[in-house]
Amino acid sequence: MISVKRRGAARLAAAVVVTGVTAVGTIATAGPAAAGDAPQNPGGVSATLGKITAGSGVVVNDRRKTGEVLAGLFEMKVEGGGSLQTYCVDMLTNTVDGAKYKEVGWSESSLHANKNAGRIRWILQHSYPQVNDLAALAKEAGTGPLDANTAAAGTQVAIWRYSDGADVKAKDGAAQKLAEHLYKSAKDAEEPEASLTLTPPAVSGKSGRKLGPVTVHTNARSVTLTPSGDAVAKGVKIVDKDGKRLTSTGDGGEIYFDVRPGARDGSLALKATAATKVPVGRVFVGDHTTTQTQILAGSSESTVSATATANWAAKGAVPALSARKNCAKGGVEVTAENRGDAPFGFDLDGVDHTVPAGGSETTLVKVAENQAYKFTITGPNGFSRTFSGILDCLTAEHAAAAAATGEGGGTDPTRTSPISTASTGGKGVVKASAGGDLATTGGSTTTPTIAGLAIVLIVAGSGAVYFLRRENTAPGE
């Protein structure tokens with residue numbers, strides 16, 4: 001079903017409800033710039049999943065599933081340089097070979113409502129590989145001799161008990177003793193800060209002014225700032241609050257886009273990059289791919305990045321747009337700010353939204369678990385922002401339970417209930433019989449499920465995809 005509302009030639013809005021497998025075509029946009037994907041996560045590491053590098057067999061003897069699986073420590077290759085070591089926090093979900101991952105906070109993952117998330121971080125901080133003196137770890141835990149394989153397996157078992165509420169035991173006696181020690185000793189720990197973020201991720205305003213500030217939050221010593229395209233030709237300088245040109249800054253640094261008077265209306269992206277160790281306990285989810293959620297156990301010096309955008313105009317509406325997943329609310333929050341001198345209006349699924357000059361509005365778009373989504377919002381002078389991804393807020397168990405009860409992404413993942421005998425929300429098939437396959441933890445030949453390629457979106461299953469188109473409303477209209 002496609003519904004279209006018109007209010008004069010300047011206004012168009014469409015809500016596309018998708019069932020089965022549907023292809024949604026392109027949307028024409030005014031001006032020279034085509035819609036492009038905008039960064040949705042606030043920043044950090046992008047990495048590719050590898051194999052388990054240390055681990056051993058464990059047995060799952062759970063009401064949901066019984067079987068043997070390899071449990072241990074994954075290695076991930078960081079885009080731009082570096083490597084990560086991670087454990088799984090979603091036992092029943094398959095991994096995808098070569099899947100791309102992005103760093104997110106707990107609020108954007110299956111840990112968003114897990115009351116034991118802090119205990120998982122404590123385990124990571126007090127076991128392998130953060131504790132690499134295995135003789136000392138064995139003595140403290142009373143396990144007998146440990147090697148990398150048994151230490152990794154025992155650590156993963158303890159984590160699964162808190163992340164999935166799983167009845168799982170290591171086959172090796174020392175690994176099992178380590179798991180018991182870690183599980184019983186775990187205490188609550190705070191969520192770690194991101195390796196690098198820029199806030200807010202989008203700013204706007206009139207030309208002839210400094211737009212911002214955008215504040216840097218990082219554990220890196222220094223962050224390099226690189227504007228995209230030809231900033232000089234566009235009449236933009238990257239400066240500090242005193243107007244001094246910036247090419248680098250540090251934690252707490254404030255960045256401004258200094259747009260010269262008379263500059264042609266437009267926009268510019270700024271990329272911040274740094275090298276640092278990612279804090280233990282940060283979560284990694286599939287980037288446009290449904291795959292097993294990972295949590296960081298160790299990091300080399302790795303490349304981290306974040307992007308901020310600026311939009312400016314001499315008059316009229318001047319929007320700044322950003323989006324973030326909100327797992328507690330089961331959807332994606334789209335924030336529109338307007339630093340122009342005229343209202344900025346758009347339709348979302350038939351509902352009018354108008355952001356007054358100088359105002360801001362955040363709209364929650366409900367998205368089903370494992371649902372691909374894509375939002376495109378256009379503005380004057382070719383301005384366009386597209387946000388796309390997959391909502392991945394629950395473990396496979398709780399995704400199935402939510403689907404069975406009709407609950408959304410805000411389901412409490414610490415609640416326990418029987419898993420569905422059907423496909424677990426697109427996260428791999430879990431069969432009810434004891435002889436069925438467990439989710440693959442050491443890699444899979446599954447082809448990644450990619451959403452939002454170019455400007456065509458294919459969605460499997462039921463759900464809704466919304467396209468938003470702007471309206472520059474004159475005062476008093």
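- Side-chain contact between Gln294 and Cys88 is present, with heavy atoms from C-beta onward closer than 4.5 Å.
- Across all their heavy atoms, Val285 and Lys325 have their closest contact at CG2-NZ, 4.3 Å.
- Under the 3.5 Å distance criterion, with hydrogens and angles disregarded, no donor-acceptor pair is assigned to the side chains of Asp164 and Thr395.
- Leu182 and Trp122 make their closest contact through O-CZ3, 4.1 Å (heavy atoms, listed as atom of the first residue, atom of the second, distance).
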key: Check against side-chain contact (heavy atoms from CB on, under 4.5 Å), Leu296 and Thr86   = CA-CA 5 Å; Leu296 189 76; Thr86 61; 4.2 Å; yes

query = After noting the C-alpha distance and the side-chain angles of Thr276 and Arg221, does the key distance pass the side-chain contact (heavy atoms from CB on, under 4.5 Å) rule?
reply = CA-CA 8 Å; Thr276 188; Arg221 292 182 297 275; over 6 Å; no

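- Residues Ser204 and Asn338 have side chains not in contact (no heavy-atom distance under 4.5 Å, counting atoms from C-beta outward).
- Checked by atom type, the side-chain pair Ser83/Lys77 shows no donor-acceptor distance below 3.5 Å.
- Using modelled atom types and a 3.5 Å distance limit, the side chains of Glu361 and His353 yield a donor-acceptor pair.
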request  = Take Ile159 and Leu124, measure what side-chain contact (heavy atoms from CB on, under 4.5 Å) needs, and give me the verdict at the end.
outcome  = CA-CA 8 Å; Ile159 290 171; Leu124 294 166; 3.7 Å; yes

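- For the residue pair Thr386 / Thr376, a side-chain donor-acceptor distance below 3.5 Å is found, with atom types taken as modelled.
- In this structure, Pro192 and Val280 approach most closely via the heavy-atom pair CG-O, 3.4 Å.
- Side chains of Thr199 and Thr215: no donor on one and acceptor on the other come within 3.5 Å.
- A 4.5 Å side-chain heavy-atom check between Leu196 and Val216 finds at least one atom pair inside the cut-off.
- With contacts defined as side-chain heavy-atom distances shorter than 4.5 Å, the pair Pro201/Arg324 does not qualify.
- Residues Ser110 and Leu394 form no side-chain contact, since every pair of their non-hydrogen atoms from C-beta on lies 4.5 Å or further apart.
- A heavy-atom distance below 4.5 Å is not found between the side chains of Val239 and Lys244.
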message = Run the side-chain contact (heavy atoms from CB on, under 4.5 Å) test on Leu211 and Tyr256 for me, step by step, so that the C-alpha distance in whole Å, both residues' side-chain angles and the decisive distance to 0.1 Å come before the verdict.
response = CA-CA 5 Å; Leu211 312 183; Tyr256 292 82; over 6 Å; no

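- Taking 4.0 Å as the cut-off between side-chain N and carboxylate O, Lys51 and Asp97 count as a salt-bridged pair.
- Classification of Lys206 and Asp341 as a salt-bridged pair holds, one side-chain N sitting under 4.0 Å from a carboxylate O.
- Between Phe284 and Val278, the shortest heavy-atom contact is CZ-CG1, 4.5 Å.
- When all heavy atoms are compared, the tightest approach of Pro213 to Val203 is O-CG1, 4.5 Å.
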